[in-house]
Amino acid sequence: MSSTLLEVTRGAHEEVERLERLIVKDLQNEPASGKERLAQSHRVRLMIDTVTSTTERLIEIYEDNDNARKDEIAALGGQTATGTNVFSAFYDRLKEIREYHRRHPAALVVDANEEHEALLKEEPQVEFSGEEAYGRYLDLHELYNQYINSKFGEPIEYSAYLDVFSQPHKIPRKLKSTRQYREYLENLVQYLVYFFHRTEPLQDLDRIFTKVETEFEEQWADGKVEEWENAIQDGEQVQDQQTVIDLDYFSTVEELVELGPEKLKEALASLGLKIGGTVQQRAERLLLTKDTPLEKLDKKHFAKGSHGSAQNGAAVAPQQVVMLKEIALLEAKLKKLSDLLSEAIERTKDNIVKKQALTYEEIAAEREDEETQADTESDDDEQQIYNPLKLPMGWDGKPIPYWLYKLHGLGQEFKCEICGNQSYWGRRAFERHFKEWRHQHGMRCLGIPNTKNFNEITSIEEAQELWKRIQARQGVNKWRPDLEEEYEDREGNIYNKKTYTDLQRQGLI
């Protein structure tokens, strides 16, 4: 019954509202693993795209360029060419509804909520290579091979390439004006964009690139693009380097052949001519430009997309400047993508370093473990550590064993105000410090005996209050040092002052 335009409009509004509620409901569920987080992001991205397309369709309906909506509203009001007849329009619509149900007596009412709820259980199929490990690592091996086999690249290891690929400023400027470097840069940016769309589907990369391009245009106009401040002069220098062949010194094809195929190829490319064929054919094609302007040459000599704008062996420099500008913009996008994917790049570096110390069998076994545990294991950052006993954390970020905690009290810090806020690590060190000179000196300064009654007392205020209660209980204002003051011999034995003095006089201590 959604044949009318108004019914289509109502259904579109309902679908948008339902999808918005589903997006909120899906984002309220905290994913337990990286794979679930990725699936959730792609589900939400799919629903957002559906909302966007539906909204665009609604805008077209409301604009009503063909007056279909206006005519349908008028028909509902009973407006016809002869006049207005509300009852006739009503009964015509009633007849249409009855006719529909007569022809479809077994039509079922579909619950749209159940259909959309099924979207929350879907797992979008996202393609990743084995090296990418479901979006955890980058797979730049193909671009790495392209880099080390190029003139601008270096024969380095793959682990070193991961540090270099995001730093195009290290490549000499004169090597960046080649077609090979531009194709490499385009492939690299294309892969990073594709990887970013798969791992961060909710990010609006188009908006990010629009901002990058706006800032780049402003900096380029002011000549403040990093590493590209003198792009116009460089374009002229590049053009001069590419057209170093002065045809005035050559009169025959054989003389040009001696320059070699690469030199001829560069000269033809700078003129926009075809660069294919044998060395003989290249020389013949280049020699044509000596006496004939490029505008008068046959179009068959020009490469596809070239308009022959150069004259007499000298191409127009602005074309080179435009080319350098496009390369600089690609480098700006590369740097921005490297910043956005910095965590994935670091994980890839660590993974490559780790794999270098493993055998092939160990690498294969580790990859199988990652695939089987991807559904059950949580991310390291999101995993909750089970610690019901509130044990202190060890160096590895996990709770220390309980027996070690009971034996040494490792990981616990005890502070004693009487000792001048001195810190003692571990239960054993804390219990031992009550018998050391630092604590005994602090108690003497307070005028309080260092007896067993004050064990576990580290606060000055608590020690003074306890001493007052002891004095009140004993009914005296002075304490008996002969019986209450404690002394310790070299072996760690504890005596009161009287016993310690007697044993010292007898020479037993």
Side-chain angles (χ1 to χ4, degrees), residues 31 33-42 124-150 152-171 181 183-203 205 208-209 212 330-383 396-397:
S33 64
K35 186 175 181 180
E36 293 183 5
R37 182 193 65 81
L38 200 59
Q40 181 191 68
S41 299
H42 279 278
Q125 297 297 325
V126 186
E127 295 183 358
F128 288 99
S129 65
E131 186 70 22
E132 290 174 335
Y134 211 80
R136 290 185 58 83
Y137 314 117
L138 294 169
D139 185 6
L140 298 173
H141 287 85
E142 184 176 348
L143 294 161
Y144 163 71
N145 292 329
Q146 188 176 350
Y147 176 82
I148 61 176
N149 293 313
S150 62
F152 58 84
E154 298 176 350
I156 58 178
E157 297 290 337
Y158 181 66
S159 57
Y161 172 74
L162 294 174
D163 294 323
V164 172
F165 83 92
S166 60
Q167 302 172 355
H169 60 274
K170 293 186 177 181
I171 299 176
Y181 177 74
E183 292 177 354
Y184 161 77
L185 208 58
E186 289 175 349
N187 294 335
L188 180 57
V189 171
Q190 182 180 2
Y191 170 77
L192 294 179
V193 169
Y194 180 51
F195 183 84
F196 187 81
H197 280 313
R198 288 179 294 163
T199 55
E200 298 292 339
L202 296 181
Q203 293 284 349
L205 191 58
I208 296 175
F209 275 170
V212 171
L330 287 173
E331 289 184 353
K333 292 182 178 180
L334 173 61
K335 293 177 182 178
K336 186 62 178 179
L337 287 169
S338 300
D339 293 339
L340 295 174
L341 297 173
S342 58
E343 295 183 2
I345 295 174
E346 291 298 326
R347 286 197 301 266
T348 305
K349 294 178 184 178
D350 297 339
N351 183 52
I352 293 300
V353 173
K354 183 177 67 173
K355 287 171 63 176
Q356 289 176 347
L358 301 177
T359 62
Y360 176 78
E361 291 77 11
E362 292 173 339
I363 294 175
E366 183 178 358
R367 181 172 295 178
E368 291 179 359
D369 292 340
E370 289 180 354
E371 292 178 355
T372 55
Q373 296 177 3
D375 297 334
T376 58
E377 290 187 352
S378 301
D379 290 340
D380 295 338
D381 298 335
E382 300 176 356
Q383 187 176 6
D396 57 351

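No hydrogens, no waters, no symmetry mates; every other heavy atom, side chains included, goes into these values.
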Return yes when atom CD of Glu142 has more than 12 non-hydrogen atoms of other residues, nucleotides or ligands closer than 6.0 Å, and no otherwise. no
One should read off an interatomic distance between Lys336 NZ and Ser166 OG, to the nearest 0.5 angstrom, of 14.0 Å
- Message: Check the orientation of Tyr158 and His141. Use parallel for under 30°, tilted for 30 to 60°, and perpendicular for over 60°.
- Response: parallel
Distance col, row Lys170:NZ vs Glu154:CD, nearest 0.5 angstrom, shows 9.5 Å
Could you check whether Arg198 pairs with Glu127 (Lys NZ or Arg NE/NH1/NH2 to Asp/Glu carboxylate O, under 4.0 Å)?
no
When every non-hydrogen atom of Ile345 is compared with those of Ser338, the smallest separation belongs to CD1-O, 3.8 Å
Is the Phe152 to Tyr184 ring centre distance short of 6.0 Å? yes
Interatomic distance, OH@Tyr181 vs OH@Tyr147, rounded to 0.5 Å, equals 9.5 Å
Please assess His42 against Val126 for the test side-chain contact (heavy atoms from CB on, under 4.5 Å), listing each intermediate value before the final yes or no.
CA-CA 8 Å; His42 279 278; Val126 186; 3.5 Å; yes
Correct closest heavy-atom pair for Leu202 and Ser41 would be CD2-O, 3.6 Å
Contact check, side chains of Leu188 and Leu337, non-hydrogen atoms, under 4.5 Å
no
Okay, side chain of Gln167, backbone of Val164: is any donor-acceptor separation there less than 3.5 Å? no
CD of Glu346 to CG of Leu162, rounded to nearest 0.5 Å, is 9.5 Å
Here the gap from Asn351 atom CG to Arg347 atom CZ, rounded to the nearest 0.5 Å, amounts to 10.0 Å
Per ring pair (Phe, Tyr, Trp, His ring centres under 6.0 Å), Phe128 is matched among Tyr137, Tyr134, Tyr194 by Tyr134
Scanning both residues in full, the closest heavy-atom pair of Leu334 with Phe165 reads CD2-O, 3.4 Å
Taken to the nearest 0.5 Å, the spacing of Leu340 CG from Phe196 CZ works out to 4.5 Å
Kindly indicate whether the side chain of Leu138, heavy atoms from C-beta on, has any atom under 4.5 Å from the side chain of Glu132. no
**Note, Thr348 side chain near Leu140 side chain (heavy atom, < 4.5 Å)** = no
**Asked** Quick one: does Ile148's side chain get under 4.5 Å of Tyr161's, heavy atoms only?
**Response** no
A quick test of your reading: do over 12 heavy atoms of other residues, nucleotides or ligands sit less than 6.0 Å from NZ of Lys333? yes
Heavy-atom nearest pair, Ala160 first then Ile156, reads C-CD1, 4.1 Å
